[in-house]
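Heads up, the thing below is written out as structure tokens.
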Amino acid sequence: MPTISRPKFIIPGAILRFLSSGYDRCAPLVAAGGQDWASTVPRFPGPRTWAFAILLAGCTISLALNWPGQLSYDSVVQLHDGRTGHYNPWHPPVMAWMLGLADSLLRGAGLFVLFDTLLFFASLASLLWLVRRRTWVLPLLASFCAALPQVLLYQGIVWKDVLFADAAVAGFVLLSHAATQWEHGGRRWILIGAGFALLALATLARQNGIVVLLFGGLALALVARGRGFRRRGALALGTGATAAALGFVIVASAALATRTTGVPQPAGQIRLLQLYDLIGEQKYDPTLKLVQLSSADPGLSSLIRSAGVRLYSPVRNDTLFASSKLQDALTNAKPAVLASQWQQVLLAHPGDYLRTRARVFFWVFATPDIGQCMPYYTGVTGPPQDLRALGLETRFRPQDRALAYYAALFSGTPLFSHVLYGALALAFFAFLLWRRRPADIPMACLLAAAAAYTLSFFVISIACDYRYLLVLDLSALVAVFYCVASGSRPAKSPRFTGH
């Protein structure tokens, strides 16, 4: 066959080669020119390069569509708190602090959204370099992950649940990297420190988020044990890292609490939960006698039996706000009396408590009618006075409308259901325990932490908002992506057994 010299696509081919393999390997191809070009045409970029490019494009598209952020009522309040430096005690103050810091550099929540989006996409993309296996399933899976509303839209919503989920996922991903870099002392400690810093941030973002910090310590101890540490040394390392991160959380919480206005609200939130439980128990068991409450606070007891039972819904507690008398009675109720009655019902009638909580948990986990569980949010809305102070207006742009329509296409499907991601988490948790490579242990602990966090809502849930369990969805996606990228074969002998 005749030799074809200097084909027009030799330069684009070299550029592709440069992106995947580096300039030094591309230069000879360009210099070769017309000398038997067929033998020097660079290889097509591999699946890892394409997967990375797709995730980069997904990150860019998410930022472009959401910038400078989707702000619900709570988001606007927290942004206003961050700008003024006075924090509402009903919200984790770390959110207001971070929003205030971002706002001081660039007005609005744009930099906060940038941080959230980069944190998740960078965590997912870094898994491509955690393993060496190359499969063309990776680009397809990257496209699938980037297109889900939990990624494309949620990363642009200014919610503490998104911050918590992203920080938790990123923390465990860094611990997985530390497991593969264990022989490099400097890298190992930097990765461990950064991982626990993010787990501490997750703990600050959600009151029940401490479970991710505890499982992070367990992951570090198991990795250290498998990497040759003695049992006591591994336990000391995991416990020490957890204690240090927890100490930071306590100090940071105390420092941020000095900027909160009004009475700290954990006690108020507990009272609201206890009232919600008592009303639900009374509704589902009309024969239940609230003896202590009837004696110490007959007015509240009467309101529970009348307005409370009528307004109660396992979907969310907001329906109780329709009764101003009930709200006033809760505000004036003695915490000790309400707590004593709640405890008495729990101990004397555990069946009533479990049935009531099971109905509430079913709604937050299964979201049988997702439309009632605020599955997504687009636009900007909030208190008019806060919007004016921030220089914002109520907003619903064409791209916000398009994102809302796009997310609605997934509503009611398995792809927008915690049940599916819970099942995936369980299946891949079992797979990771079977395979037991060093990097598998933090990934398995991520799934276990997400499951424990989810189960905590059996006790504390008072609403079914989809965002509450976002960490379960993202953890399952990250685990699936990691397992596909790393293959199904166990590590070469010996497997990571912890001996």
Side-chain angles (χ1 to χ4, degrees), residues 92 94 119-120 123-124 126-127 130 150 160-179 191-226 234-235 237-239 241-246 248-249 361 364-365 418-419 421-433 436-461 467-483:
V94 71
L119 189 60
F120 177 75
S123 300
L124 192 60
S126 75
L127 297 177
L130 190 61
Q150 295 96 317
K160 61 180 179 288
D161 307 276
V162 179
L163 174 64
F164 167 76
D166 291 346
V169 166
F172 282 99
V173 168
L174 286 175
L175 291 182
S176 288
H177 281 285
L191 290 166
I192 290 173
F196 273 88
L198 288 169
L199 295 181
L201 175 60
T203 304
L204 287 167
R206 287 289 311 190
Q207 293 91 333
N208 55 330
I210 191 174
V211 296
V212 301
L213 194 54
L214 300 178
F215 276 95
L218 175 63
L220 181 58
L222 291 175
V223 170
R225 177 66 173 150
L235 182 61
L237 179 60
T239 303
T242 304
L246 187 58
F248 171 80
V249 169
F361 182 73
V364 73
F365 178 65
H418 299 309
V419 175
Y421 298 103
L424 287 174
L426 181 62
F428 280 87
F429 175 77
F431 170 76
L432 290 169
L433 289 187
R436 294 197 304 279
R437 295 179 184 176
D440 291 353
I441 301 304
M443 282 295 170
C445 286
L446 167 62
L447 296 175
Y453 175 81
T454 298
L455 290 175
S456 72
F457 279 83
F458 185 93
V459 177
I460 68 171
S461 179
R467 56 179 167 163
Y468 294 158
L469 303 186
L470 176 65
V471 67
L472 180 64
D473 296 16
L474 297 188
S475 299
L477 286 175
V478 167
V480 171
F481 191 83
Y482 165 73
C483 290

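Values in this document were obtained by computation on a predicted structure and should not be read as measured data.
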Is there a side-chain contact between [X] and [Y] (heavy atoms, below 4.5 Å)?
X	Y	result
Leu246	Ile210	yes
Phe196	Leu175	yes
Tyr468	Thr454	no
Tyr482	Leu432	yes
Leu130	Leu127	yes
Met443	Val173	yes
Leu163	Arg206	no
Asn208	Phe457	yes

Open item on the list: Looking at Phe164, I'd like to know if the NZ or CZ of Arg467 sits under 6.0 Å from its six-membered ring centre while staying within 45 degrees of the ring's axis.
Closed with: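 Geometry flag: not set, cation outside 6.0 Å or 45°.
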Can you tell me how far the [atom1] atom of [X] sits from the [atom2] atom of [Y], to the nearest 0.5 Å?
X	Y	atom1	atom2	answer
Ser123	His177	OG	NE2	8.0 Å
Leu198	Leu174	CG	CG	6.0 Å
Leu218	Leu235	CG	CG	10.0 Å

Task: Over all atoms of both residues, closest heavy-atom pair of Ala200 and Ala245 - done: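 Closest pair (atom of Ala200, atom of Ala245, distance): CB-O, 4.2 Å.
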Open item on the list: Could you check whether atom CZ of Phe248 has more than 12 heavy atoms from other residues, nucleotides or ligands sitting under 6.0 Å from it?
Closed with: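 Atom CZ in Phe248 is not crowded, with 12 or fewer foreign heavy atoms closer than 6.0 Å.
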Task: Geometric class of the Phe361/Phe365 ring pair [parallel <30°, tilted 30-60°, perpendicular >60°] - done: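 Rings of Phe365 and Phe361: parallel, as their planes differ by under 30°.
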